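Here's the structure, in structure tokens; my notes come after.
Just the heavy atoms: all of them, side chains too, but no hydrogens, waters or symmetry mates, feed the values below. In this text the structure is predicted, and so the values were computed from the model without any measurement.
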Amino acid sequence: EPILSDFDSFPINPNESTLSNCLGNVRNRTDIFVLVVGGRYGSIVDTGKSITNLEYFEAKAKRIPKYIFIKDEILALLPIWKANPDADYSSVVDNSSLFKFIVDLRESGDIWVFPFSNAQNIIGTLRKQLSYLFSDCLDLRAKMQGSDQLLASFGTKAFGLAVEKPAGREYLLFAQILADNIASHNAKRPDEE
């Protein structure tokens with residue numbers, strides 16, 4: 001279910017700022033992040049970054065799949081912008097900071113960037129990429145249903161550590177399983193007076 005801030009179906013907390021609502025939706029409601037970059041940089045906050053930039057960083061911190069699409073005419077202007085960053089690009093972008101954001105995305109090495117010229121390019125690419133993601137999920141499901149019953153008994157956080165295999169995973173996994181077991185025994189302990 002797409003969560004798009006341009007529509008009235010976008011969940012908002014009226015007591016929160018626009019930025020808090022946007023970041024909260026990425027943090028709490030987003031499983032896959034699709035970023036489509038055209039000529040608009042987005043609303044700028046106190047940090048000088050756009051809300052869109054911060055939503056991307058929130059998705060990155062959450063470690064969810066991210067699919068980034070950048071309009072091909074914007075990509076074609078990058079070498080010109082790099083050679084002359086102070087020129088007037090207002091006929092193509094609303095803020096030249098957009099170019100810096102795109103360069104940061106492309107040069108970080110963290111994310112694949114797909115060029116697009118129309119919506120059909122995005123739809124076609126997403127169909128292919130989501131089919132690969134679905135296949136990976138089916139492989140993971142098969143592993144879960146296979147012979148490794150120990151893995152199937154892990155809690156959510158421990159399972160995530162076992163699958164993602166971060167640095168120091170042996171220690172992190174041990175600590176998480178220990179914490180999960182202590183928590184399960186605390187829940188069984190009778191109340192003390």
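Clustering of Ile, Leu, Val, Met, Phe, Trp and Tyr by side-chain heavy atoms under 4.5 Å joins Phe10 with Ile3, Ile12. Annotation for Ile32: hydrophobic cluster partners, listed by chain and number, are Val34, Val36, Tyr67, Phe69, Trp112, Phe114, Phe116, Ile122, Leu126, Leu130, Leu133 (ILVMFWY side-chain heavy atoms under 4.5 Å, direct or chained).
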**OP:** Evaluate side chain to side chain contact (heavy atoms under 4.5 Å, CB included) for Leu19 paired with Leu54, printing each intermediate quantity in order.
**Re:** CA-CA 9 Å; Leu19 176 61; Leu54 298 175; 3.7 Å; yes
Original post:
Can Trp81 and Ser96 be said to form a side chain to side chain contact (heavy atoms under 4.5 Å, CB included), step by step?
Top reply: CA-CA 8 Å; Trp81 173 79; Ser96 61; 4.2 Å; yes
**OP:** With side chain to side chain contact (heavy atoms under 4.5 Å, CB included) as the test, would you mind laying out the steps for Leu23 and Phe57 before giving the verdict?
**Re:** CA-CA 9 Å; Leu23 297 182; Phe57 294 127; over 6 Å; no
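Placement of Ile182 and Phe174 within a single hydrophobic cluster is found when ILVMFWY residues are connected by side-chain heavy-atom separations under 4.5 Å, directly or transitively.
Checked by atom type and distance alone, the side chain of Asp180 never pairs as donor or acceptor with a backbone atom of Ala183 at under 3.5 Å. Using modelled atom types, no side-chain atom of Ser90 and backbone atom of Asn95 make a donor-acceptor pair closer than 3.5 Å. Asn25 places no side-chain N or O within donor-acceptor distance of the main-chain N or O of Cys22, the cut-off being under 3.5 Å. Within the 3.5 Å criterion, the main-chain N or O of Ile80 finds no donor-acceptor partner in the side chain of Asn84.
Within the structure, salt bridge (Lys or Arg N to Asp or Glu O under 4.0 Å) contacts touching residues 57-73 (residues at least two apart or in different chains) are Arg27-Glu58, Lys60-Asp110, Arg63-Glu164. Listed by first and then second residue, the salt bridge (Lys or Arg N to Asp or Glu O under 4.0 Å) pairs that reach into residues 37-51 come to none, sequence neighbours excluded. The salt bridge (Lys or Arg N to Asp or Glu O under 4.0 Å) pairs that include a residue from residues 84-103 are Lys100-Asp104, where partners are two or more places apart or lie in different chains.
Between Ile74 and Val37, the closest side-chain pair of non-hydrogen atoms is not below 4.5 Å. Inter-residue side-chain proximity for Leu35 and Glu55 is flagged as unmet; no heavy-atom pair is nearer than 4.5 Å. Under the 4.5 Å side-chain criterion, counting only non-hydrogen atoms from C-beta, Thr18 is not in contact with Ser43. Ile64 has its side chain out of reach of Asp31: every pair of non-hydrogen atoms, C-beta onward, lies at least 4.5 Å apart.
To the nearest 0.5 Å, the span separating OG1 on Thr52 from CG on Leu98 amounts to 9.5 Å. Ser20 contributes atom OG, which lies 9.5 Å from atom CD1 of Ile51 (distance to the nearest 0.5 angstrom).
In this structure, Lys157 has no side-chain hydrogen bond (donor to acceptor under 3.5 Å, both in side chains) partners at least two apart in sequence or on a different chain.
Scanning both residues, Leu105 and Ile111, for their nearest heavy atoms gives O-CG2, 3.6 Å. Shortest non-hydrogen contact noted between Leu172 and Ala167 is CD1-O, 3.7 Å. Listed here is the closest heavy atom pair of Ala158 and Gln176: N-CG, 3.6 Å. When every heavy atom of Lys128 is checked against every heavy atom of Ser131, the shortest pair comes out as O-OG, 2.6 Å. Of all heavy-atom pairs between Ala59 and Val26, the closest is N-CG1, 3.6 Å.
When only modelled atom types and interatomic distance are considered, Tyr41 and Asn53 share a side-chain donor-acceptor pair under 3.5 Å.
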